[in-house]
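Structure record follows, encoded as structure tokens.
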Amino acid sequence: MHIPDGFISPLTYLPAYGLAAAAWAYAARRVRQDLDADTLPFLAACTAVSFVLMMVALPLPGGTTAHAAGIGLLAAAFGGWMAFLAVSLVLAMQTLLFGDGGITALPVNALAMGLAGSFAALAVWKMLGRVHEGLALLLAGWLSIALPAVLVAVVLGLQPVLAHDAHGAPLFFPFGLAVTLPAVVLPHLLVGVAEGVFTLIGYRYLTRLRARAAR
């Protein structure tokens with residue numbers, strides 16, 4: 001799902017950087033208030049797992065990738081803002097250290113995966129968790145992948161409209177929504193199933209670990 005450099009126009013990534021910077025600043029303040037010494041080791045471990053999951057990426061047509069991400073687990077276990085910062089950190093490290101995703105596309109990736117994915121998963125978890133924990137975790141994990149895929153597909157598909165030369169030729173990503181939506185979204189609907197299963201198993205395992213640590 002990572003977008004490489006050269007696919008996104010300044011008309012997209014400059015406003016995205018402004019929005020992402022504001023979200024990162026607010027999230028940092030919230031996390032400083034909420035994060036404690038008992039939570040930090042578990043958050044660090046889950047962030048590391050997210051890093052590994054995102055490194056196992058299958059290439060898709062058009063330059064993006066499909067992979068699990070651990071977003072649903074982070075959101076359900078630690079809340080939306082911690083998950084957003086954790087996913088953003090993973091994306092930044094992969095961009096800077098491995099070139100997996102572009103620097104210009106970092107805010108779009110972070111907003112789609114970290115912000116939208118985390119809070120969509122958290123909303124499902126809060127709404128359905130008391131009704132049926134297992135189903136809520138499965139859906140939270142699935143949505144944490146499916147929604148970012150739709151957002152990334154839309155951003156890519158709009159690039160020919162937003163940035164083109166006098167003759168209408170795209171200056172950045174060349175394919176429209178008719179290509180990006182099926183190419184990006186459909187594989188991630190399947191990846192989301194695996195993400196949902198991982199979220200369910202991971203959350204229950206993490207809950208047991210926290211209970212043992214609290215004794």
Residues in side chain to side chain donor-acceptor pair (under 3.5 Å) contact with Asp34, at least two apart in sequence or another chain = none
Spell out, yes or no, whether [X] and [Y] are grouped together once hydrophobic residues are joined by side-chain heavy atoms under 4.5 Å, including indirect joins.
X      : Y      : result
Tyr26  : Leu19  : yes
Met55  : Met113 : yes
Tyr13  : Leu11  : no
Leu158 : Val150 : yes
Leu190 : Leu138 : no

Distance-only criterion, 3.5 Å: show the donor-acceptor pairs between side-chain atoms of residues 168-180 and protein atoms not counting sequence neighbours.
| from | atom 1 | to | atom 2 | distance (Å) |
| --- | --- | --- | --- | --- |
| Thr180 | OG1 | Ala153 | O | 2.9 |
| Thr180 | OG1 | Gly176 | O | 3.4 |

Shortest non-hydrogen separation from [X] to [Y] and the atoms involved:
X      : Y      : answer
His188 : Val184 : ND1-O, 2.6 Å
Ala16  : Val108 : CB-CG2, 3.9 Å
Pro187 : Pro182 : CD-O, 3.6 Å
Ala20  : Leu111 : CA-CD2, 3.9 Å

query = Under a 4.5 Å cut-off applied to non-hydrogen side-chain atoms, are Leu137 and Leu73 in contact?
reply = no
query = Can you find a pair of side-chain heavy atoms, one from Ser50 and one from Met54, that are under 4.5 Å apart?
reply = yes
message = Set out, in order, the CA-CA distance, both residues' side-chain angles and the distance that settles side-chain contact (heavy atoms from CB on, under 4.5 Å) for Leu106 and Tyr17, then state yes or no.
response = CA-CA 8 Å; Leu106 176 60; Tyr17 256 117; 3.9 Å; yes
task = Might you work through the side-chain contact (heavy atoms from CB on, under 4.5 Å) test for Leu151 and Val155, ending with a clear yes or no?
result = CA-CA 6 Å; Leu151 295 176; Val155 168; 5.5 Å; no
ask   = With Leu143, which residues qualify under side chain to side chain contact (heavy atoms under 4.5 Å, CB included), at least two apart?
value = Ala120, Val124, Leu147
key: Spacing of CG belonging to Leu139 relative to CG belonging to Leu128, to within rounding of 0.5 Å   = 6.5 Å
query = From Leu181 CG over to Leu156 CG, what is the distance, rounded to the nearest 0.5 angstrom?
reply = 10.0 Å
request  = List the steps, then state whether side-chain contact (heavy atoms from CB on, under 4.5 Å) holds for Leu14 with Thr104.
outcome  = CA-CA 8 Å; Leu14 290 178; Thr104 56; over 6 Å; no
request  = Any pair with a residue in residues 128-153 that passes ring-ring contact (aromatic ring centres under 6.0 Å, His included), sequence neighbours left out, goes on the list, sorted by first then second residue, please.
outcome  = none
Under 3.5 Å, sequence neighbours excluded: what are the donor-acceptor pairs made by side chains of residues 197-207?
| from | atom 1 | to | atom 2 | distance (Å) |
| --- | --- | --- | --- | --- |
| Thr199 | OG1 | Glu195 | O | 2.7 |
| Arg204 | NE | Glu133 | OE2 | 3.1 |
| Thr207 | OG1 | Tyr203 | O | 2.8 |

Between side-chain atoms of residues 79-99 and protein atoms elsewhere (two or more places apart, or another chain), which donor-acceptor pairs fall under 3.5 Å?
| from | atom 1 | to | atom 2 | distance (Å) |
| --- | --- | --- | --- | --- |
| Ser88 | OG | Trp24 | NE1 | 2.9 |
| Ser88 | OG | Phe84 | O | 2.8 |
| Gln94 | OE1 | His2 | NE2 | 2.8 |
| Gln94 | NE2 | Phe51 | O | 3.1 |
| Thr95 | OG1 | Leu91 | O | 2.9 |
| Thr95 | OG1 | Gly101 | O | 3.3 |

inquiry  = Is it the case that over 12 heavy atoms from other parts of the model lie below 6.0 angstrom from the CD1 atom of Ile103?
reply    = no
ask   = In chain order, what residues pass the salt bridge (Lys or Arg N to Asp or Glu O under 4.0 Å) check against Arg29, with sequence neighbours excluded?
value = none
Give the table of side-chain donor-acceptor pairs shorter than 3.5 Å for residues 38-49, with sequence neighbours excluded, one pair per line with atom names and distance.
| from | atom 1 | to | atom 2 | distance (Å) |
| --- | --- | --- | --- | --- |
| Thr39 | OG1 | Asp36 | OD1 | 2.8 |
| Thr47 | OG1 | Leu43 | O | 2.7 |

